Amino acid sequence: MQREVGTLPLAPALRARLAAAGFQTAQELLDTGPCGLSKEIGISREEALEALQVVRQECHGHAARTAGGSGTTRKCTALELLEEEQTQGFIITFCSALDNILGGGVQLTKITEICGAPGVGKTQLCMQLAVDVQIPECLGGVAGEAVFIDTEGSFMVDRVVDMAAACVQHCHLIAEAQPEEDHRKALETFSLENILSHIYYFRCRDYTELLAQVYLLPEFLSEHSKVRLVVIDGIAFPFRHDFEDLSLRTRLLNGLAQQLIIIANDHRAAVVLTNQMTTRIGQSQSTLVPALGESWGHAATVRLIFHWDNSQRLATLYKSPSQKESTIAYHITSHGFRDVQPPAVTPSTEGTELNPRKRPRTEEEKQ
Amino acid sequence: MVVLRAGLCPGLTEDMIQLLRANGIRTVVDFVSSDLEDIAQKCSVSYKALVAVRRVLLAQFSAFPANGADLYEELKSSTAILPTGSPSLDQLLDSGLYTGEVTELMGAPGSGKTQVCLGIAASVSLALRQHVLFLDSTGGFTASRLYQLLRAHTEDEEEQAILGRPRLCPVLQLEALQRVQVERVFNIYEVLSALQELRDRLSQQVVSSVGPLKMVVLDSVSAVIYPLLGGRQSEGLALMMQLSRELKSLAREFSLAVVVTNQVTRDSSSGPLKPALGRSWSFVPSTRVLLESKETTWEKSSPQRAASLAKSPRQPTGIQVELDIG
């Protein structure tokens with residue numbers, strides 16, 4: 001392998017010593033062997049063995065990947081990816097307008113970021129998604145489990161119970177309208193207790209705990225392979241207060257973003273993050289922009305901004321790789337996240353409560 | 001810095017190496033740059049043998065100067081210009097992407113960098129029938145969007161084509177999709193490993209999967225390098241330079257067009273936007289295009305996008321064109 005020593009993932013001190021000793025390619029390292037290596041650079045034999053192990057893994061690792069294709073094949077043609085994408089499901093949000101602008105719902109294997117002012121409904125959407133991800137496949141869901149990482153303490157179990165009950169009722173209505181065998185079988189397991197038991201809740205109090213949780217998540221996900229949604233409610237909160245070194249913050253956030261993309265990609269899960277808004281003071285006016293700075297804007301693949309227009313809540317798709325930018329209105333009822341006007345087809349019993357009269361901002365339904 | 005080893009050239013024996021090493025000469029550079037008479041005395045090795053060894057080592061390891069005219073002829077025959085599929089962008093880039101060079105697209109989030117890369121990939125794989133390698137480090141590659149762009153391209157061509165063959169069009173698009181190879185790389189070592197693999201494949205000329213590769217897209221380079229820069233980590237800059245060297249040498253040796261995307265940052269919360277990765281990286285790409293979306297509020301339906309030339313070896317900087325991302 002003509003791979004240069006500088007490009008191998010070794011410790012910096014070791015790399016400096018190898019460069020000083022004059023080693024250039026990985027092949028030279030492998031030829032020397034552990035004894036020769038430890039004599040040349042002056043490290044112990046165990047360290048030399050370890051280093052050679054890493055080198056061998058790097059060089060032969062990608063040879064194995066080209067030959068066979070290991071578990072997580074990260075390499076494919078666009079055609080194969082297209083087929084994969086077409087069979088992939090979406091996590092619906094129960095608000096058909098929002099699903100439409102997202103292209104079907106929250107996409108798996110991508111990071112979606114929801115930014116908004118306080119009280120506009122970000123946590124509500126996260127809780128709704130944690131319930132919706134469990135809808136059985138025959139009814140249009142992905143039949144997965146959810147991981148909820150809470151940093152602000154805004155997760156309310158009674159609210160999730162309300163949403164889950166409404167979701168179960170909705171699914172029963174659909175099943176009654178189109179009675180099929182697999183619908184009935186799926187609905188036997190789709191109950192309130194089941195939904196709640198498949199939401200894994202973690203509480204992180206500061207950024208160290210959050211980083212640790214995210215870096216340990218791959219292990220958790222390999223044990224619970226049915227997880228299809230990871231929600232981090234409040235990624236801005238631990239990073240915004242008490243952080244003096246801003247460049248450290250940028251670095252940590254970027255590392256976190258890469259880790260989340262790896263999780264989303266390897267485990268075919270959707271990652272949903274919520275962010276706060278901050279004011280940017282311009283020359284003549286000030287605008288509300290998402291928090292955490294410019295470089296964080298590149299972390300998420302899909303970005304939704306929730307904002308108010310008098311007393312109507314609006315959602316704008318700000319950044320997406322495949323959909324156009326557009327704005328829709330939504331509503332939060334006692335049953336969860338819904339459209340402003342209920343679609344005429346569904347025989348929902350929520351018709352009486354889903355009043356298109358705009359509710360004033362002070363009267364909040366979330367307890 | 002190659003270590004002196006027995007068998008590197010005839011006349012360089014193990015004993016000689018031990019003697020040289022005892023006097024502090026370990027690598028070829030040390031040997032070639034030292035005074036041979038001095039060494040002959042200190043190591044008690046014959047002067048003639050040392051001169052012979054030096055001659056062989058110089059022949060093996062030194063670079064050869066090339067004639068400017070030869071270089072020009074070589075460039076004329078090996079450089080290709082790849083049209084990007086968008087006439088305004090072609091105008092900005094002086095008729096297209098030049099192979100053998102690194103071109104950078106930078107912009108704020110949501111300004112359309114990934115879209116432009118997808119558009120270029122679609123144009124190259126469909127119109128020119130060349131293979132494209134897409135290294136995706138952000139997870140933003142959506143195959144359905146690429147398919148949409150390919151369909152839009154073939155519809156344009158259908159209008160211009162005299163023989164209407166609508167049944168062949170899906171086949172053409174599927175073939176074009178097969179020519180785009182996507183690899184997901186999420187940290188710097190995976191990027192370097194992927195580039196090394198590409199180099200091995202191209203130098204062995206394995207025709208089967210790669211085909212005539214003409215373009216490599218790395219979206220985005222700042223996502224993999226940002227976590228390494230700054231603070232007390234000293235290796236970030238070194239890795240960034242390793243990456244830049246790999247990209248440039250690949251572009252030059254195998255006549256590829258390399259496209260990278262970069263972020264923009266601000267110095268302070270109200271400062272002007274500047275490209276990320278600092279001054280060291282700014283020397284790497286030969287052409288830099290800044291993408292902006294000219295919209296002030298979120299409610300506007302389809303924002304206008306503008307591309308301006310920030311750095312170019314051929315055109316005056318500051319040219320601005322309007323882009324339309326289909």
Side-chain angles (χ1 to χ4, degrees), chain A residues 1-4 6-9 12 15 19 21-24 28 40 58 61-62 66 74-79 81-82 84-86 109-111 247-248 250-251 254-255 257-258 261-262 264-265 280-282 293-295 297-301 303 305 307 316 318-319 321-322 324-327, chain B residues 1-3 26-27 108-110 114-115 134 137-148 174 177-187 189 192-194 196-197 200 220 222-224 226-227 229-231 234-235 238-239 242 246 263-266 269-270 273 276 298-299 301-303:
Chain A
M1 287 300 143
Q2 288 308 305
R3 183 100 177 257
E4 294 226 359
T7 66
L8 296 167
R15 224 197 304 228
F23 287 101
Q24 261 196 330
E28 283 176 22
E40 293 259 345
E58 271 296 315
H62 78 76
T66 46
R74 294 234 188 105
K75 196 166 144 179
C76 43
T77 63
L79 189 60
L81 264 186
L82 183 65
E84 228 180 83
E85 278 178 25
Q86 281 172 346
T109 75
K110 299 231 185 300
I111 300 186
S247 66
L248 174 67
T250 315
R251 249 177 299 133
N254 276 295
Q258 287 304 107
I261 298 179
I262 295 177
N265 201 52
R280 181 181 300 150
I281 303 175
E294 282 287 333
S295 52
H298 298 268
T301 322
R303 198 175 228 190
I305 300 190
H307 50 112
T316 304
Y318 192 68
K319 175 184 173 191
S322 54
K324 260 180 102 120
E325 289 154 20
S326 35
T327 308
Chain B
M1 280 215 292
V2 182
V3 175
R26 312 193 63 209
T27 66
T114 312
Q115 296 300 306
F134 203 105
S137 70
T138 56
F141 183 85
T142 326
S144 33
R145 176 69 180 140
L146 183 63
Y147 188 54
Q148 209 177 29
L174 295 179
L177 276 179
Q178 272 185 320
R179 285 192 276 261
V180 177
Q181 195 160 46
V182 181
E183 199 166 335
R184 299 214 144 104
V185 285
F186 296 128
N187 64 33
Y189 297 112
L192 289 166
S193 169
Q196 179 66 38
E197 206 180 307
D200 289 337
S220 75
S222 41
V224 289
Y226 242 43
L229 290 177
S234 48
E235 48 179 20
L239 281 170
Q242 282 275 359
E246 263 305 305
Q263 300 172 3
V264 287
T265 69
R266 277 173 212 274
S269 59
S270 53
L273 287 174
W298 303 313
E299 278 99 49
S301 51
S302 55

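Keep in mind that this is a model prediction, so the values were computed, not measured. The figures here come from the full heavy-atom set of this structure, side chains too, leaving out hydrogens, waters and symmetry mates.
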Please identify, among [options], the residue contributing the most non-hydrogen atom pairs under 4.5 Å to chain A.
options                                    : value
Val224(B), Thr142(B), Asn187(B), Thr265(B) : Thr142(B)
Val264(B), Leu239(B), Val180(B)            : Val180(B)
Ala238(B), Ser220(B), Gly139(B)            : Gly139(B)

Engaged part of [X] at the chain A interface, taking heavy atoms whose separation is under 4.5 Å:
X         : value
Ala223(B) : both
Phe141(B) : both
Gln242(B) : side chain
Tyr189(B) : both

Checking Leu82(A), Leu81(A), Thr77(A) against Leu177(B) for side-chain contact (heavy atoms from CB on, under 4.5 Å), the one that qualifies is Leu82(A)

Which distance, rounded to the nearest 0.5 Å, do you find between the [atom1] of [X] and the [atom2] of [Y]?
X         : Y         : atom1 : atom2 : value
Gln178(B) : Cys76(A)  : CD    : SG    : 12.0 Å
Asn265(A) : Phe186(B) : CG    : CZ    : 4.0 Å
Thr138(B) : His298(A) : OG1   : NE2   : 10.5 Å

Nearest heavy-atom contact between Ile261(A) and Ser137(B) is CD1-O, 3.9 Å

inquiry  = Restricting to non-hydrogen atoms, name the atom on Pro109(B) and the atom on Gly297(A) that form the minimum distance, rounded to 0.1 Å.
reply    =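 Heavy-atom minimum between the residues: CB-O, 3.3 Å.
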
Sequence neighbours excluded, the answer for side-chain hydrogen bond (donor to acceptor under 3.5 Å, both in side chains) partners of Glu85(A) is Ser144(B)

Between Leu248(A) and chain B, with a heavy-atom cut-off of 4.5 Å, which part of the residue counts as in contact: side chain, backbone, both or neither?
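Neither part.
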
Open item on the list: Can you tell me which portion of Thr301(A) sits under 4.5 Å from chain B's heavy atoms? Options are side chain, backbone, both or neither.
Closed with: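 Side chain only.
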
| message | Are Lys319(A) and Thr114(B) packed together at the side-chain level, in the sense that at least one heavy-atom pair is separated by less than 4.5 angstrom? | response | no

Is any side-chain heavy atom of Leu79(A) closer than 4.5 Å to a side-chain heavy atom of Leu174(B)?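 Yes, their side chains come closer than 4.5 Å.
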
Is it the case that the side chain of Gln181(B) and the backbone of Ala78(A) share a donor-acceptor pair, with hydrogens and angles ignored and the cut-off at 3.5 Å?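 Answer holds: no.
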
